[in-house]
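Take a look at the structure set out below.
Bear in mind the structure is a predicted one, so any value in this text is a computation, not a measurement. Heavy-atom basis, side chains included; hydrogens, waters and symmetry copies ignored.
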Amino acid sequence: MKKIGILLLLVIIALCACDTHSEILDEEEIRNIIYDISYDFSWNDINGIMEYVHKDFRHNGMYRDELRLLWNERRNKYQLLQCDISQIYIHNEYATVFMTMTYQSATETVTFLEPDTFGDASYYYFDKGRWQIYGNQEWKSNKIRGR
């Protein structure tokens, strides 16, 4: 009987230590969001992109409505977007995605390393059972303009 009690205690401890919302699933969900963003961009579906943006989005002083304008400006200039994720760091309910974003038009291709260049699609928050683009929550950019 003592052995069963100890075994039961070990099983309970093991179950308590299990992560019910594993990091692997979190990374997969975030990767799918970024894939969907590149797909929506290429199909000119800015509303589709904005579905992934948290209502309290703020990034370097930019709010959700300004982000929509930014994505519209990008889409007016480029027709395709490809995102290559190099790393996703998850810390509790926050995540940062490091990736290369390549925008293409008929005449130009530009590549940005994120979050270092703009970062508006690099910061996520897990809220209401799903990951959402959250921004860095800064009031203004810490980057020096013109350099």
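The shortest heavy-atom contact between P115 and V97 is CD-O, 3.7 Å. Considering every non-hydrogen atom in both R75 and N44, the closest pair reads CG-OD1, 3.0 Å.
E114 places no side-chain N or O within 3.5 Å of a backbone atom of M101 that could act as its donor or acceptor partner. Formation of a donor-acceptor pair under 3.5 Å by the H59 side chain with backbone atoms of I133 is not found in this model. Looking at T96, its side chain never comes within 3.5 Å of a backbone N or O of Y89 through a donor-acceptor pair. Of the possible donor and acceptor atoms, none in the side chain of S38 sits under 3.5 Å from a partner among the backbone N and O of Q82. Panel note: side chain N136, backbone N60; a donor-acceptor pair is recorded below 3.5 Å. In terms of modelled atom types and a separation under 3.5 Å, the side chain of E66 and the main chain of Y63 share a donor-acceptor contact.
Counting heavy atoms from C-beta on, the side chains of N32 and W131 never come closer than 4.5 Å. Side-chain atoms of Q137 and Y125, non-hydrogen and from C-beta on, never get closer than 4.5 Å to each other. Residues I37 and C83 form no side-chain contact, since every pair of their non-hydrogen atoms from C-beta on lies 4.5 Å or further apart. Two residues are said to be in side-chain contact when any heavy atoms from C-beta on lie closer than 4.5 Å; S105 and K77 fail this criterion.
Transitive grouping of hydrophobic side chains (ILVMFWY, heavy atoms separated by less than 4.5 Å) keeps I85 and Y123 in distinct clusters. Criterion: ILVMFWY side-chain heavy atoms under 4.5 Å apart, direct or through other members. Under it, Y78 and L81 are part of a common hydrophobic cluster. When hydrophobic clusters are built by joining Ile, Leu, Val, Met, Phe, Trp and Tyr residues whose side-chain heavy atoms come closer than 4.5 Å, directly or via intermediates, L67 is grouped together with F112. F98 is not connected to I88 by any chain of hydrophobic side-chain contacts under 4.5 Å among Ile, Leu, Val, Met, Phe, Trp and Tyr, and they are in different clusters. Y124 and W71 fall within the same hydrophobic cluster, defined by Ile, Leu, Val, Met, Phe, Trp and Tyr side-chain heavy atoms under 4.5 Å apart, directly or through other members.
Between the NZ atom of K128 and the NE2 atom of H54 there is a distance of 6.5 Å, given to the nearest 0.5 Å. To the nearest 0.5 Å, atoms CE (M50) and CZ (F57) are separated by 7.5 Å. Taking CZ of R64 as the start and CE of M62 as the end, the distance is 12.5 Å to the nearest 0.5 Å. Taking CD1 of I49 as the start and CZ of R68 as the end, the distance is 9.5 Å to the nearest 0.5 Å. Rounding to the nearest 0.5 Å places CD of E108 at 10.5 Å from CD of Q79. Atoms CD and CD1, from E28 and I33 in turn, are 11.5 Å apart once rounded to the nearest 0.5 Å.
Sorted by first and then second residue, the salt bridge (Lys or Arg N to Asp or Glu O under 4.0 Å) pairs with a member in residues 35-57 form an empty list; sequence neighbours excluded.
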For ring pair (Phe, Tyr, Trp, His ring centres under 6.0 Å), just list the numbers for F41 and Y103, CA-CA rounded to whole Å, side-chain angles, deciding distance to a tenth of an Å, and then say yes or no. CA-CA 10 Å; F41 184 89; Y103 294 90; 5.5 Å; yes
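Enclosure of atom OH in Y35 is not indicated, since only 12 or fewer non-hydrogen atoms of other residues, nucleotides or ligands lie within 6.0 angstrom. Residue-environment remark: CG (N76) exceeds the threshold of 12 foreign heavy atoms within 6.0 Å.
The salt bridge (charged side-chain N to carboxylate O under 4.0 Å, His left out) test applied to R74 returns D120, not counting sequence neighbours. Partners of Y52 by ring-ring contact (aromatic ring centres under 6.0 Å, His included), not counting sequence neighbours: none found.
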